[in-house]
Amino acid sequence: DSGVTQTPKHLITATGQRVTLRCSPRSGDLSVYWYQQSLDQGLQFLIQYYNGEERAKGNILERFSAQQFPDLHSELNLSSLELGDSALYFCASSPRLAGGPRDTQYFGPGTRLTVL
Amino acid sequence: GENVEQHPSTLSVQEGDSAVIKCTYSDSASNYFPWYKQELGKGPQLIIDIRSNVGEKKDQRIAVTLNKTAKHFSLHITETQPEDSAVYFCASTDSWGKLQFGAGTQVVVTP
């Protein structure tokens, strides 16, 4: 158990809908990262937040957005869902921003999103 | 941006034999190289990592080597056991902490 929690575990929805995925980082971790894992794309970095502020963006679609709240939990919002958005979505957390000896990322169990 | 290549994509080994997975990276500024193990239905779990000021690191049956000049790093698993069966991902990170993952290696350990 990494200490990172994600809810829900599974989510089934229809095309065009909007969903919210939730992540609670390990106690004391300030950075939260979101990743998408699909069969044909592997693990893709989406976005990073540090202490409530967006710090880095990866291959995140404009239909997707995220935020980190004052209690450091984070939410990933996916809207206008398409069939191709079906994937595993992982959250990871690390103690600091980056570049130091304590920047190891620990992953949560993931949310499996199925768009029908 | 950073590009990480990982080989092989699948690896079958007999229990007790060694397994080696190799990765190459492109960004010479990369300074941190973690390895993750992902079992079916679970999130990636960090198993070992190495930083750019170290050439080799060992933790029981697992070792990682890094060649910064050649920009490649490898995972070595000795005395493999059935519970080592999983998908293994290498990754490299730039100074901002952004992880770029390899495509993964499916390791199957047969008794």
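Within every chain, numbering begins at 1; the chains are lettered A, B, ... in the order of the sequence lines, protein sequences first and strands thereafter.
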Side chain proximity check, B:L66 to B:Y25, heavy atoms < 4.5 angstrom = yes
Who pairs with B:V107 by side-chain contact (heavy atoms from CB on, under 4.5 Å), at least two apart in sequence or on another chain?
->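 With neighbours one apart ignored, the set is B:L11, B:I21, B:Y88, B:T105, B:V109.
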Heavy-atom distance under 4.5 Å to chain B: side chain of A:Q6, backbone, both or neither?
-> neither
Looking only at heavy atoms, the pair that brings B:G43 and A:F90 closest together is CA-CE2, 3.3 Å
Summary of disulfide bond (SG atoms under 2.5 Å apart) pairs that have at least one residue in residues 41-90 of chain B, sequence neighbours excluded = B:C23-B:C90
Against chain A, label B:Q45 side chain, backbone, both or neither, depending on which of its atoms sit under 4.5 Å from a heavy atom there.
-> neither
Examine whether an atom of B:P34 lies under 4.5 Å from a heavy atom of chain A, and if so say whether it belongs to the side chain, the backbone or both; otherwise answer neither.
-> neither
